[in-house]
Amino acid sequence: MTNDLVHVVQADLTTLNVDAIVNAANPSLLGGGGVDGAIHRRAGPELLAECRTLGGCITGEAKITAGYRLQAKYVIHTVGPVWRDGQHDETDLLASCYRNCLNLARERHIQSIAFPCISTGIYGFPKSLAARIALSSVKAFLRGHDEGMQVYFCCFSETDADIYRHLLQHSSEDM
Ligand code: AR6
């Protein structure tokens, strides 16, 4: 029952008490605005110092660091696609962000992970489409692995949370 492992919360991602939070970063991995800025502010300068050792990250991939002053033990940094017109692999790249984050989490035996709505802020990805990709990528992963990882979709706004809640309520197990 993958639906039992998927949760929607409306919160500031940086406050969540989960094993790992996901950062919607940029290819430099050296911080920025949005949720990236909030994570670096709360985690402290040690996070930036570790990020400097990683050599950046390409779109669709993910890298992991410690969480430092965050409650979360780990931060998984991924780089979502910038939305252009939907004809530049945006959907596949967004799906691979979710998949690669979950694979890294699995390698580290992470039991709970919280995602922001990757690419839907500064990067301009349409919110409903992004939520559908997020949910279907996560469910496909959970169906293929039986560790029972708890996955949280952390929405900054109630409007975003409603999109996810609606999709979850109306999606079948095999979405
Ligand atoms: N907690 C949860 N969600 C948040 C928070 C927070 N504290 N702050 C923002 N969001 P964005 P992107 C939501 O722009 O579109 C950075 O400069 C926000 O409402 O943070 O992937 C990076 O360095 C939206 O729903 O990320 C990149 O350059 C979601 O997080 C670029 O932005 C993602 O919005 C990445 O753009």
Side-chain angles (χ1 to χ4, degrees), residues 1-25 29 35-36 38-39 42-43 47 50-51 54 57 59-81 91-120 125 127-175:
M1 288 287 285
T2 57
N3 275 0
D4 295 343
L5 299 172
V6 176
H7 314 276
V8 182
V9 291
Q10 188 268 312
D12 176 346
L13 182 67
T14 64
T15 65
L16 296 186
N17 186 7
V18 286
D19 292 345
I21 62 171
V22 172
N23 185 13
L29 296 186
V35 72
D36 191 9
I39 289 172
R42 200 176 277 252
L47 178 61
E50 185 175 356
C51 283
L54 298 177
C57 183
T59 303
E61 300 205 341
K63 295 197 175 175
I64 190 164
T65 64
Y68 298 98
R69 301 177 199 178
L70 294 164
Q71 300 221 50
K73 189 169 175 209
Y74 297 103
V75 180
I76 299 178
H77 307 261
T78 189
V79 181
T91 54
D92 287 348
L93 287 167
L94 188 61
S96 73
C97 287
Y98 284 91
R99 228 176 14 249
N100 285 323
C101 288
L102 291 164
N103 280 324
L104 270 181
R106 180 168 174 260
E107 282 167 26
R108 300 292 177 110
H109 306 291
I110 282 164
Q111 298 292 306
S112 56
I113 182 170
F115 286 94
C117 306
I118 301 166
S119 282
T120 66
F125 208 108
K127 287 167 181 283
S128 284
L129 177 58
R132 285 207 300 278
I133 294 165
L135 208 51
S136 60
S137 308
V138 165
K139 285 189 168 194
F141 175 89
L142 292 173
R143 273 198 304 279
H145 304 89
D146 58 5
E147 292 94 341
M149 196 191 298
Q150 300 287 329
V151 179
Y152 295 84
F153 291 109
C154 176
C155 301
F156 211 28
S157 71
E158 262 316 319
T159 316
D160 287 349
D162 282 342
I163 294 173
Y164 277 86
R165 289 186 193 113
H166 182 85
L167 279 175
L168 258 183
Q169 274 159 17
H170 295 89
S171 70
S172 59
E173 275 291 319
D174 57 359
M175 172 188 173

- Derivation and outcome, side chain to side chain contact (heavy atoms under 4.5 Å, CB included), residues N100 and T78: CA-CA 8 Å; N100 285 323; T78 189; 5.7 Å; no
- Should T15 and Q71 be marked as a side chain to side chain contact (heavy atoms under 4.5 Å, CB included) after you check the CA-CA gap, both sets of side-chain angles, and the distance that decides it? CA-CA 7 Å; T15 65; Q71 300 221 50; 5.6 Å; no
Would a 4.5 Å heavy-atom cut-off, applied to side chains only, mark [X] and [Y] as touching?
| X | Y | answer |
| --- | --- | --- |
| L168 | K139 | yes |
| I118 | P116 | yes |
| L13 | L16 | yes |
| L102 | I76 | no |

- For the side chain to side chain contact (heavy atoms under 4.5 Å, CB included) test, which of V22, V18, V138, L104 pairs with I113?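 Exactly one candidate clears the test, V22.
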- Query: For residues 6-24, which residue pairs qualify under salt bridge (charged side-chain N to carboxylate O under 4.0 Å, His left out), counting only residues two or more places apart or in two chains?
  - Reply: none
- Determine which pairs satisfy salt bridge (charged side-chain N to carboxylate O under 4.0 Å, His left out) with at least one residue from residues 69-81, sequence neighbours left out, and list them in order. E46-R69
- Hey, could you give me the CD1/OG1 distance between I163 and T120, rounded to the nearest 0.5 Å?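 Reported to 0.5 Å precision, the distance equals 8.5 Å.
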- Message: Would you compute the distance between atom CZ of R132 and atom CG of L94 and round it to the nearest 0.5 angstrom?
- Response: 12.0 Å
- Query: Given C117 and F156, is the side chain to side chain contact (heavy atoms under 4.5 Å, CB included) satisfied, shown in steps?
  - Reply: CA-CA 8 Å; C117 306; F156 211 28; over 6 Å; no
Could you pull out the closest heavy-atom pair between [X] and [Y], with the gap in Å?
| X | Y | answer |
| --- | --- | --- |
| A43 | G67 | CB-O, 3.7 Å |
| L5 | G148 | CD2-O, 3.8 Å |
| F125 | A130 | CD2-CB, 3.6 Å |
| C97 | G80 | SG-CA, 3.6 Å |
| S137 | I133 | OG-O, 2.6 Å |
| C155 | V8 | SG-CG1, 4.4 Å |

- Item | Any residue meeting salt bridge (charged side-chain N to carboxylate O under 4.0 Å, His left out) with K63, in chain and number order, not counting sequence neighbours |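 K63 satisfies salt bridge (charged side-chain N to carboxylate O under 4.0 Å, His left out) with no other residue.
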For [X], side chain to side chain contact (heavy atoms under 4.5 Å, CB included) partners two or more places apart:
| X | value |
| --- | --- |
| Y74 | A20, I64, R108, I110 |
| R106 | F141, H145, E147, M149 |
| E158 | Q10, A161, D162, R165 |
| T65 | L47, E50, C51, L54, V75, H77 |

- Item | For R42, all residues meeting side-chain hydrogen bond (donor to acceptor under 3.5 Å, both in side chains), sequence neighbours excluded |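 Checked R42 against side-chain hydrogen bond (donor to acceptor under 3.5 Å, both in side chains); matches are T14.
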- Query: Can you list the residues that meet the side-chain hydrogen bond (donor to acceptor under 3.5 Å, both in side chains) rule with D36, with sequence neighbours excluded?
  - Reply: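 Partners of D36 by the side-chain hydrogen bond (donor to acceptor under 3.5 Å, both in side chains) criterion, ordered by chain and then number, come out as N23.
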- Query: Under 3.5 Å, side chain of S119 to main-chain N/O of P81, donor-acceptor pair present?
  - Reply: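 Indeed, once roles are kept as given, a pair shorter than 3.5 Å links the two residues.
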- side chain to side chain contact (heavy atoms under 4.5 Å, CB included) assessment of V6 paired with F153: CA-CA 8 Å; V6 176; F153 291 109; 3.4 Å; yes
- Task: Output all residues satisfying ring-ring contact (aromatic ring centres under 6.0 Å, His included) with Y152, sequence neighbours left out; order by chain, then residue number.
- Result: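 Y152 satisfies ring-ring contact (aromatic ring centres under 6.0 Å, His included) with H7 once adjacent residues are dropped.
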